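Before any comments, here is the structure.
These numbers come from the heavy atoms of this one structure, side chains and all, not from hydrogens, waters or symmetry mates. No experiment lies behind these values; they were computed from the predicted model shown.
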Amino acid sequence: RLVKTIVTSATYLQSSRVNASGGRGLGLSDPDNRLLARGARFRLSAEMVRDQALFASGLLVERVGGPSVKPYQPPGLWEEIAAAIVPYVQDHGDDLYRRSMYTFWKRTVAPPAMMTFDAAGREACVVRASRTNTPLQALNLLNDVTYVEAARALAQRVMRERSTSDERLVRLFQHVLARQPQTNELRLLKQSHERHLARYRADQAAARKLLTVGESKRDESLDLVEHAALAAVAGTVLNLDETVTRE
């Protein structure tokens with residue numbers, strides 16, 4: 001109830017733009033926003049970045065409670081880093097798509113994708129999480145199996161919901177960013193989509209390889225090339241600064 005009160009308050013719902021509340025003068029006199037005259041702008045936490053991608057794609061399992069789960073992780077990591085006697089045994093099915101708060105955590109070998117986005121290591125109490133922005137984070141969003149699978153699942157979702165390419169691109173954008181794309185943004189999405197269509201028409205083996213990442217089942221009734229091209233666009237949208245930033 002307290003969290004709901006906070007996030008629905010007028011203070012929390014403010015834009016993070018300096019000029020949106022008080023003008024340039026306020027930005028100069030209160031650069032750290034201690035007076036809360038504008039919204040805070042910060043990169044989402046590691047858990048939120050992952051959960052948001054799963055939610056937009058339709059993969060997120062929202063069941064509350066239950067034991068910890070073991071989602072995707074690079075093979076052999078426990079043995080390599082901690083010389084673990086008991087290996088990491090990945091879960092399957094719904095357990096791959098539980099909220100990140102349910103992820104099993106070995107303190108000596110923390111989930112690498114979480115650490116890339118500055119999750120606390122849990123070896124000591126952390127009062128305030130640090131936030132960095134590094135190229136490794138973008139590489140993770142483009143290549144980690146969780147996000148590649150989320151991108152192809154998101155593409156599949158919009159292909160089922162809309163019939164034309166333009167409608168699908170708009171719908172994809174809406175699912176991730178909760179707003180309509182601007183004219184120039186839609187133009188860039190179309191260009192990207194057309195470029196990927198040409199690529200996958202020429203190399204359908206690459207399209208099929210992309211669409212087999214992750215364990216969720218692909219709808220084989222959908223056009224292979226169109227699905228792969230939309231998945232590539234979805235991966236780009238999931239990697240946008242606006243996607244991983246609380247504005």
Side-chain angles (χ1 to χ4, degrees), residues 1-69 71 94-95 97-105 107 110-111 113-134 137-138 140-141 144 146-147 150 154 157 171-182 185 237-247:
R1 186 179 300 175
L2 175 61
V3 171
K4 183 177 181 180
T5 300
I6 293 172
V7 300
T8 57
S9 67
T11 301
Y12 186 89
L13 293 175
Q14 293 180 110
S15 167
S16 62
R17 295 183 179 180
V18 176
N19 290 336
S21 52
R24 182 170 178 271
L26 182 60
L28 293 175
S29 61
D30 185 26
D32 295 327
N33 197 30
R34 295 176 66 86
L35 301 178
L36 302 180
R38 61 183 183 276
R41 186 181 191 277
F42 51 84
R43 202 210 65 229
L44 301 179
S45 67
E47 293 82 1
M48 288 181 179
V49 170
R50 177 177 176 273
D51 291 356
Q52 176 178 247
L54 293 177
F55 179 77
S57 68
L59 290 173
L60 184 69
V61 174
E62 299 188 58
R63 185 175 72 252
V64 175
S68 298
V69 294
D94 285 354
D95 285 348
Y97 314 112
R98 298 293 311 276
R99 290 184 182 276
S100 299
M101 66 177 292
Y102 295 112
T103 297
F104 184 90
W105 200 288
R107 283 183 295 176
M114 291 292 170
M115 301 309 292
T116 299
F117 284 94
D118 307 307
R122 304 190 185 182
E123 291 183 336
C125 231
V126 176
V127 177
R128 176 178 294 179
S130 62
R131 285 188 173 90
T132 62
N133 290 287
T134 72
Q137 292 166 356
N140 189 84
L141 292 174
D144 186 281
T146 295
Y147 299 101
L154 175 57
R157 180 181 184 182
R171 188 63 172 159
L172 188 156
F173 198 88
Q174 289 173 330
H175 275 310
V176 178
L177 296 175
R179 67 173 178 86
Q180 288 281 111
Q182 298 174 5
E185 292 171 330
V237 176
L238 288 173
N239 204 342
L240 292 176
D241 180 69
E242 183 178 347
T243 302
V244 298
T245 304
R246 192 273 190 198
E247 297 286 352

request  = Might you point out which heavy atoms bring Asp144 and Ala113 nearest each other, and give the distance in Å?
outcome  = OD2-CB, 3.9 Å
key: Separation between CG of Leu141 and OG1 of Thr116, rounded to the nearest 0.5 Å   = 9.5 Å
inquiry  = Counting C-beta onward and ignoring hydrogens, is there a side-chain heavy-atom pair between Leu177 and Leu240 closer than 4.5 Å?
reply    = yes
key: Where Asn133 and Arg43 come nearest, the two heavy atoms and their spacing   = OD1-CD, 4.0 Å
query = So do Val49 and Tyr147 actually touch side chain to side chain, heavy atoms under 4.5 Å?
reply = yes
key: Spacing of Glu247 atom CD and Ser15 atom OG [to the nearest 0.5 Å]   = 8.0 Å
remark   = Rounded to the nearest 0.5 Å, the CG atom of Leu13 sits from the OG1 atom of Thr8 at a distance of 7.0 Å
query = Is there a donor-acceptor pair closer than 3.5 Å between any side-chain N or O of Arg41 and the backbone N or O of Thr245?
reply = no
task = State, with a plain yes or no, whether a side-chain heavy atom of Gln137 is found less than 4.5 Å away from one of Val244.
result = no
message = Which heavy atom of Asn33 sits nearest to which heavy atom of Ala37, and what is that distance?
response = OD1-N, 3.2 Å
task = Output the distance between atom OG (Ser45) and atom CD (Gln52), rounded to the nearest 0.5 Å.
result = 10.0 Å
note = Heavy-atom closest pair (Ala119 atom, Ala46 atom, distance to 0.1 Å) is CB-CB, 3.9 Å
note = Correct closest heavy-atom pair for Pro111 and Thr103 would be CG-CG2, 4.1 Å
message = Please check: side-chain N/O of Thr5 versus main-chain N/O of Arg1, any donor-acceptor pairing under 3.5 Å?
response = yes
ask   = From Phe42 CZ over to Arg131 CZ, what is the distance, rounded to the nearest 0.5 angstrom?
value = 5.0 Å
inquiry  = Run the side-chain contact (heavy atoms from CB on, under 4.5 Å) test on Asn140 and Thr146 for me, step by step, so that the C-alpha distance in whole Å, both residues' side-chain angles and the decisive distance to 0.1 Å come before the verdict.
reply    = CA-CA 9 Å; Asn140 189 84; Thr146 295; over 6 Å; no
note = Nearest heavy-atom contact between Ala56 and Leu154 is O-CD1, 3.3 Å
task = Please determine if Glu242 and Arg179 form a salt bridge, counting it only when a charged side-chain N lies under 4.0 Å from a carboxylate O.
result = yes
request  = Would you check if Arg157 and Arg171 make a side-chain contact, meaning some heavy-atom pair closer than 4.5 Å?
outcome  = no
Close side-chain approach of Arg99 to Glu62, heavy-atom, < 4.5 Å = yes
request  = Take Met48 and Phe117 through the side-chain contact (heavy atoms from CB on, under 4.5 Å) test and state the conclusion after the steps.
outcome  = CA-CA 10 Å; Met48 288 181 179; Phe117 284 94; over 6 Å; no
query = Judged by atom type as modelled, is there a donor-acceptor pair below 3.5 Å linking the side chain of Tyr102 to the main-chain atoms of Gly65?
reply = yes
remark   = CZ of Arg63 to CZ of Arg98, rounded to nearest 0.5 Å, is 4.0 Å
